[in-house]
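These notes are about the structure you will find just below.
Numbers here simply count residues along the sequence, with the first being 1. Both counts, for ligands and for their atoms, begin at 1 and track the order of listing.
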Amino acid sequence: MAAEGRSFASLFPLDDTIVAIATPLGRSAIGVVRISGAAAEKVARTLLGGAALEPRRATICRVAVEGVSGGATAGDEAVAVFFPAPRSYTGEDVVEISTHGNPLILKGVVQRAIAAGARLARRGEFTLRAVIRGKRALVQAEAIADLIDASTPAQARLAFDQLHGTLSARLAAVDADVFDLIAKLEASLDFPDEGYHFLQEDEAATVLTRVLGAIEALLGDAARGRLLREGATVAIVGRPNVGKSSLFNALVGGDRAIVSEIPGTTRDLVTERVDVRGLCVTLVDTAGVRESSEPVEQEGVRRTARARETADLVIVVLDASRGLTGNDEALLQETGDDRRVVVWNKCDVRAGPDDPALAGNCRVSATAGTGMDDLRDAIAVALTDAEPDREAPAIANVRHIAELEGVRDALLRARALAAERAPEEFVLRDLHTARTHFDSLFGARTSADVLARIFDRFCIGK
Ligand SMILES: Nc1nc2c(ncn2[C@@H]2O[C@H](COP(=O)(O)OP(=O)(O)O)[C@@H](O)[C@H]2O)c(=O)[nH]1
Ligand SMILES: [Mg+2]
């Protein structure tokens, strides 16, 4: 890998042995310390009192931890497994030591490993080594970070698809087509008399049209992929007392926001993350929009305006028991250009107006809990412009999208040149540019700085 910014070796040394706690820091039945590198087995033996470790066999042993189980006691019970290279997570020699899941014990084991010659691993360093040793493609490594971060099943599925190479396979097929085309054009260059001899008439343009179709399909689904991966912000807005906080609580499933018959109760923004049909939604309850001379409430109204501007979707709540007021009409007008869902609340008291122009998208009762499923569907559909439960898209990561757009732009130029039968050199230049973008997508030529940023998202021990 060529590093453009800082040198790769200075950022990611590979010749030493690294150690870290692989499980979350906290109390649990079992905690795992992972050691990777040429000296992994030697370091582990030192910790475990010289017990021999057979490859891929769980060995029961004891590990003494200073201040906890040293000296007179024989040490905590542990189970160690040795995975010799290359059949391990990193592709290097790896030893995993499971102990009781107490942070003092786990930190003690790491300390002893360091004393025995290992170095504390940096964030994502195990997975980075897996990429460098050829155990994983870069997009798969990124998927591992996504999988760990996922908080809805749909997010996990998206990461899983990527991890299992669905995306890599689709991209590799496109890359292979481009590579074939390059080979044929280069061959034509080496035998100039033949002109486009190695390509049929219009073959380059035909291949490029097919390839561009595949890329456009991937990019077309990217907005939805990003939404799935990164989630969306949804702001609940409306006049005071229409039941915004009640609706917020009903969607969150708890008494998170204060509900009161006194208008102007909610003054600050209250946010909560909820799973709406697999989408990770950050729901924002806002202060009621009204004129007020009270400074705190005025600030609340200002924050509401800001929340509305930054939200991906607004839920405009109307009070069915009161019907439409002048303030409601103003709010409907203001949010007319926003992505929105209009909700008639308090339909347990009175069904909203019959006028179809005022019907709104949803009728609910926040306190009785009716209509909430329809509301969740409406939110998901409004956010995705589609049925929420469609097959998960393959591309979702901003970095991947940007590289793929680079590929598309270069191929569009190449196709235009090929169509007018420009000299091979010109077409080739754009095809090579496309492959440069593919290379950085796959990690074959990703700069050290980009790698540092990608792996910084990982937890230590991964
Ligand atoms: N009957 C009925 N009352 C509701 C409903 N939703 C909210 N309320 C009542 O309306 C009042 C204002 O509710 P709140 O959620 O604080 O409104 P906000 O000011 O818009 O946040 C409270 O007394 C709620 O109990 C509903 O669906 N039906
Ligand atoms: Mg409120």
Side-chain angles (χ1 to χ4, degrees), residues 233-274 276 281-336 338-355 358-379 382:
T233 305
V234 174
I236 304 179
V237 302
R239 265 187 312 110
N241 245 17
V242 293
K244 296 180 296 301
S245 298
S246 305
L247 195 64
F248 176 91
N249 287 338
L251 285 169
V252 168
D255 284 334
R256 179 71 175 74
I258 300 170
V259 170
S260 152
E261 67 281 3
I262 305 163
T265 306
T266 308
R267 290 152 166 222
D268 205 350
L269 305 178
V270 184
T271 65
E272 195 74 52
R273 260 208 204 176
V274 287
V276 178
V281 165
T282 302
L283 204 58
V284 188
D285 182 23
T286 67
V289 184
R290 64 166 183 176
E291 297 291 317
S292 169
S293 53
E294 211 253 320
V296 178
E297 196 177 346
Q298 283 178 346
E299 176 57 24
V301 172
R302 268 195 294 278
R303 289 183 187 194
T304 295
R306 241 176 290 142
R308 213 176 70 200
E309 282 162 21
T310 55
D312 298 300
L313 173 78
V314 290
I315 299 179
V316 181
V317 185
L318 306 170
D319 184 340
S321 69
R322 298 244 179 141
L324 208 62
T325 70
N327 280 341
D328 290 333
E329 276 165 14
L331 188 60
L332 285 172
Q333 205 140 52
E334 280 171 44
T335 55
D338 297 342
R339 202 181 269 252
R340 74 177 181 193
V341 171
V342 179
V343 177
W344 285 104
N345 187 33
K346 307 196 190 182
C347 288
D348 54 317
V349 182
R350 201 152 68 95
D354 272 338
D355 183 350
L358 300 178
N361 304 20
C362 278
R363 288 161 193 276
V364 306
S365 166
T367 47
T370 53
M372 300 305 292
D373 276 343
D374 288 346
L375 175 56
R376 288 193 184 91
D377 285 342
I379 293 171

With heavy-atom distances below 4.5 Å as the criterion, would you say the side chains of K244 and V242 are in contact?
yes

Taking all non-hydrogen atoms of both residues, which atom of V341 and which atom of A382 are closest, and how far apart?
CG2-CB, 3.9 Å

Of all the atoms in N241, is at least one N, O or S atom closer to the Mg ion (ligand 2) than 2.8 Å?
no

Using a 4.0 Å cutoff against the non-hydrogen atoms of D348, which atoms of ligand 1 qualify?
1 (N), 2 (C), 26 (C), 27 (O), 28 (N)

Counting only heavy atoms closer than 4.0 Å, does ligand 1 sit against the backbone of T367, its side chain, both, or neither?
both

If you compare all heavy atoms of G238 against all heavy atoms of L331, which two are closest, and at what distance to 0.1 Å?
CA-CD2, 3.5 Å

Under a 4.5 Å cut-off applied to non-hydrogen side-chain atoms, are V237 and I315 in contact?
no

With a cut-off of 4.0 Å, which atoms of ligand 1 are near a heavy atom of S246?
6 (N), 7 (C), 13 (O), 14 (P), 15 (O), 24 (C)

Could you check T325 against R239 for side-chain hydrogen bond (donor to acceptor under 3.5 Å, both in side chains), going step by step and ending with a plain yes or no?
CA-CA 9 Å; T325 70; R239 265 187 312 110; 3.2 Å; yes

Can you name the atoms of ligand 1, numbered from 1 with element, that are less than 4.0 Å from a heavy atom of S245?
15 (O), 18 (P), 21 (O)

Using a strict 4.0 Å cut-off to heavy atoms of G243, name the atoms of ligand 1 that fall inside it.
7 (C), 13 (O), 14 (P), 15 (O), 17 (O), 18 (P), 20 (O)

Just checking, any donor-acceptor pair under 3.5 angstrom between side chains of S321 and D319?
yes

Just let me know how N241 lines up against ligand 1, side chain, backbone, both or neither, with a heavy-atom cut-off below 4.0 Å.
both

Would you check the N or O atoms of C347, main chain and side chain alike, for any that come under 3.5 Å of an N or O of ligand 1?
no

Are T282 and V234 side-chain neighbours, meaning at least one heavy-atom pair lies under 4.5 Å?
no

What atoms of ligand 1 come closer than 4.0 angstrom to any heavy atom of V349?
1 (N)

Numbered atoms and elements of ligand 1 in range of S365, under 4.0 angstrom, heavy atoms:
26 (C), 27 (O), 28 (N)

I need the atoms of ligand 1 closer than 4.0 Å to a non-hydrogen atom of K244, numbered in the order shown.
15 (O), 17 (O), 18 (P), 19 (O), 20 (O), 21 (O)

To the nearest 0.5 Å, what is the distance between CG (L318) and SG (C362)?
11.5 Å

